[in-house]
Amino acid sequence: MAWLLDAWVVGLFASAFLSATLLPGNSEAALVAYLFAHPQAFWLPLALATAGNSLGGIVTVWLGTRLPAGSVPRRAEWLARHGELALALSWVPLLGDALCLAAGWLRWPWRRVLPWLILGKFVRYLALAISVRGLWD
């Protein structure tokens, strides 16, 4: 349980969470720093970054549900047409925040939102962790 109090763990989770909200952040740099500081680690930082970023995305979706519902504007037609699958792109800077907010505003069901949101964020961090790991293997 001591690992829970480690500043690296808290910092990585917080950075990932904040990066997925409407606040600026750089969770990729935090993950890379963690991996270089703890070369034996792989799954823990990957899980922390994914969990923090997913939770931040979930908060943004929830914030979207607080917006008044209305007719779908022309800009959101693409999103409405592609549905929850578009949330696999929720990791893309700026666009991802807008996708999460729109998913809440469109009142998409959580059971269809969460898998795509989490999968997109996990795959991004997995690709980053594998590429960083390749730098010192």
Side-chain angles (χ1 to χ4, degrees):
M1 289 302 251
W3 64 271
L4 283 173
L5 300 176
D6 184 0
W8 282 99
V9 169
V10 173
L12 177 58
F13 184 86
S15 175
F17 176 82
L18 292 174
S19 293
T21 64
L22 301 175
L23 301 173
N26 193 338
S27 60
E28 294 84 1
L31 177 61
V32 169
Y34 190 109
L35 290 170
F36 275 109
H38 301 90
Q40 74 286 0
F42 184 81
W43 293 109
L44 176 63
L46 184 62
L48 286 169
T50 300
N53 209 247
S54 296
L55 186 58
I58 289 165
V59 167
T60 303
V61 172
W62 177 81
L63 288 172
T65 66
R66 307 291 98 189
L67 298 172
S71 62
V72 178
R74 187 166 169 83
R75 273 180 245 155
E77 286 177 2
W78 176 87
L79 185 59
R81 186 170 52 250
H82 288 84
E84 296 84 357
L85 175 63
L87 288 172
L89 298 174
S90 64
W91 62 270
V92 176
L94 300 177
L95 173 66
D97 296 338
L99 290 173
C100 290
L101 196 63
W105 180 71
L106 291 168
R107 309 300 195 261
W108 286 346
W110 287 101
R111 72 182 187 292
R112 295 194 341 230
V113 165
L114 293 178
W116 292 111
L117 185 145
I118 294 167
L119 179 67
K121 291 172 182 296
F122 171 75
V123 169
R124 179 262 311 260
Y125 287 124
L126 179 63
L128 180 62
I130 288 171
S131 66
V132 167
R133 178 70 78 179
L135 293 176
W136 69 74
D137 281 347

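These numbers were taken from a predicted model, which means no experiment stands behind them.
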State, to 0.1 Å, how close Leu67 and Arg107 come at their nearest heavy-atom pair, and which atoms those are. O-NH2, 2.7 Å
Nearest non-hydrogen partners of Ala41 and Pro45, listed with the distance: CB-CD, 3.8 Å
[atom1]-[atom2] distance between [X] and [Y], expressed to the nearest 0.5 angstrom:
X	Y	atom1	atom2	result
Asn26	Leu31	CG	CG	10.5 Å
Leu117	Cys100	CG	SG	4.5 Å
Ile58	Phe17	CD1	CZ	9.5 Å
Leu126	Arg133	CG	CZ	11.5 Å
Asp97	Trp91	CG	CH2	13.0 Å
Ser15	Leu12	OG	CG	7.0 Å

Verify the cluster assignment for Trp43 and Phe36: are they in a single hydrophobic cluster under the rule of side-chain heavy atoms below 4.5 Å apart? yes
Distance-only check: which donor-acceptor pairs under 3.5 Å involve side-chain atoms of residues 46-53, not counting sequence neighbours?
unit_1: Thr50; atom_1: OG1; unit_2: Leu46; atom_2: O; d: 2.8
unit_1: Asn53; atom_1: OD1; unit_2: Lys121; atom_2: NZ; d: 2.9
unit_1: Asn53; atom_1: OD1; unit_2: Arg124; atom_2: NH2; d: 2.9
unit_1: Asn53; atom_1: ND2; unit_2: Ala16; atom_2: O; d: 2.7
unit_1: Asn53; atom_1: ND2; unit_2: Tyr125; atom_2: OH; d: 3.2

Exam field: side chain Ser19 to backbone Ser27, donor-acceptor pair closer than 3.5 Å: yes
With sequence neighbours left out, what residues match Trp78 under side-chain hydrogen bond (donor to acceptor under 3.5 Å, both in side chains)? His82
According to salt bridge (Lys or Arg N to Asp or Glu O under 4.0 Å), does anything in residues 37-48 pair up with another residue at least two apart or in another chain? List the pairs. none
Please, which pairs that meet salt bridge (Lys or Arg N to Asp or Glu O under 4.0 Å) have at least one residue in residues 33-60, sequence neighbours excluded? none
With [X], which residues qualify under side chain to side chain contact (heavy atoms under 4.5 Å, CB included), at least two apart?
X	value
Trp108	Leu79, Glu84, Leu87, Ala103, Leu106, Val113
Val123	Leu119
Leu85	Trp116
Trp62	Thr65, Arg66, Trp110

